[in-house]
Amino acid sequence: MDTEVLPGTAPADPLTMPAGEGWWRTAVIYQVYVRSFADGNGDGVGDLTGVRSRLPYLKSLGVDALWFTPWYRSPLADGGYDVQDYRQIDPRFGTLEEAELLIAEALALGIRTIVDIVPNHISDQHEWFQQALAAGPGSPERERFWFHRGRGEHGAGIPTNWVSSFQGETWSRTRNPDGTDGEWYLHLFTPEQPDLNWNHPDVRREHEDVLRFWFDRGVAGVRIDSAALPVKDPALPDLPPGTAPAVDHPHIDRDELHDIYRGWRAVADEYDGERVLVGEVWLDDAERFARYLRPGEMHTAFNFGFMTQPWSAQAMRDSITRTLAEHAPVGAPATWVLSNHDITRPVTRYGQADSSFAFERKRFGTATDAARGARRARAAALLVAALPGSLYIYQGDELGLPEVELPLDAIEDPMHFRSGGIDPGRDGCRVPLPWKGEAAPYGFGGAPWLPQPEDWGALTVEAQDADPDSTLNLYRAAIALRRRIGDLVGSDLEWLELGADVLAFRRGDGTLSVSNLGAVPVPLPAHHEVLLASAPLDGVLPPDSTAWLALRAVLPRSHPAPK
Ligand code: GLC
């Protein structure tokens, strides 16, 4: 596989690149879910030693940056999104020293590091929350959170009717040291994740310090978890019955958030090498979404709209058009995301009759056509890699891993439990990666913390390395081409009309991406050469496939022949 990079595209020390280079505008960013990536010490849990040993693999994939889901000390009540101490690595994952080594070693390979910051809440084991519980009602320690008396004479009524993102109630009642019922505290997620009070100066100062702590260690950016949630209306009003209002919601997308992120941007801008802010912003309203990307705020935000679309040329085209239109006024690049650690794997999603994604529709036992899903996931991977903007790849998607339907007693995700067991939760996309061999643990390390399926032998990195047509080699080729073809770097995109089921566009003046989302083969438009295809072409574009076409000679002859 030719993964050679043209001169000048990979500076030796990316963090000292001149400002304005805009690496993040077109970057390919690989999401590492540390717990499930590679286990270096054989305890069945992925760790930093494991990641360090696999850096050559990530280099061979060709990615520009790694985004690590939280690796800090945590009780893992929500997979690490319950941070106990931002300045320590969880002992199951390694040490701070190892994180520093990892950041430096990746950088030496031209790969930047992005860490995850979770401003909405911390762990109930964090010293602030423990201090708040101990200090009791009315104490300054409690002001960093949302402690509140319950409704009614004895305070037994829940303070607001807000609904958790994980279903269920958003308040839990504390007990006083004398055993009597105490105040309630707010948690938009689990009770182990108390919400912070962002009106409190300590909260703001501490997060800016945490940013500096990690920027000082060479990280190139932060992913901001649940970025539209941290600020609350201090009056704590109930939500009106029916649909939630688009603006002036008591805990979603409040205007005060922008000042916080402008503060974070100022911190990032104190550093050289373009340290970036990437927001996890789930908002339907395009204008409200784009406000987070105004100059002086975040650099980019995850575009979840495309990910939720069904397998339909029209729906996907509309979503792409909408995405580009909503980013244009603020001058921010779009991001393209097919999945992450919260989302059903594309191979499975696209193999289901309803191939759109919505959390509330996840069910056990949904019928899935695995072969079709695998074809479509490959086609989707090429489609998004041809779009203008930056690209996110969730670990294992490059191997075409399916969602795993886990045995009930293996599931740890609180989303499953809070749904009363109806929703399988998100662990099915968090199963440890298969590296080699024919049986579990497939070179992952020790017996994996989530069981791997018995039929993953053909999906291992080792097996796919050896197969020129594998999904892994398709990803490698696509990423390498993105770097080589100047047409794919700009922000332009022009649609081509090739039929209702065909999603086709031109990038620059010489590169086409053509996807067939229909049921019958379609002719390829006139072209000079096929650059890459997700399926064998035989002169036509088969259903569920994407091809990249060049209108003129663009590649040195040494490039591997397209299939
Ligand atoms: C984000 C994370 C998710 C986590 C939640 C609460 O949505 O991606 O995994 O459970 O925030 O922190």
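Just follow the structure's listing: the first ligand is 1, and inside any ligand the first atom is 1.
- Residue contact check: R426 has heavy atoms under 4.0 Å from atoms 3 (C), 4 (C), 9 (O), 10 (O) of ligand 1.
- Looking from atom 7 (O) of ligand 1 to the surrounding protein, the closest heavy atom is E280 OE2, 2.9 Å.
- Taking the six-membered ring where tryptophan is involved, the planes of H258 and Y292 are tilted, since the angle between them lies from 30° to 60°.
- In this structure, the side chain of E98 engages the main chain of T95 through a donor-acceptor pair within 3.5 Å.
- Aromatic ring orientation, W264 versus W198: tilted (interplanar angle from 30° to 60°).
- Close N/O approach between W282 and ligand 1 is not found [any backbone or side-chain N/O within under 3.5 Å].
- Listed by atom number, the atoms of ligand 1 under 4.0 Å from H121 heavy atoms are 6 (C), 12 (O).
- Listed by number with element, the atoms of ligand 1 under 4.0 angstrom from any heavy atom of F166 are 10 (O).
- Ring centers of F37 and W435: under 6.0 Å apart, within the cut-off.
- The nearest non-hydrogen atom to atom 4 (C) of ligand 1, considering only T69, N120, T190, D78, comes from D78.
- Considering only non-hydrogen protein atoms, atom 1 (C) of ligand 1 sits nearest to D225 OD1, 2.7 Å.
- Taking the centre of each ring, F357 and F359 come in below the 6.0 Å mark.
- Using cut-offs of 30° and 60° for the angle between ring planes, the Y442 and W456 rings count as tilted.
- Here the protein heavy atom with the shortest distance to atom 8 (O) of ligand 1 is D342 OD2, 2.5 Å.
- For the pair R363 and E403, the salt-bridge criterion is not met [side-chain N within less than 4.0 Å of a carboxylate O].
- Contacts with ligand 1 closer than 4.0 Å are made by no heavy atom of M415, backbone or side chain.
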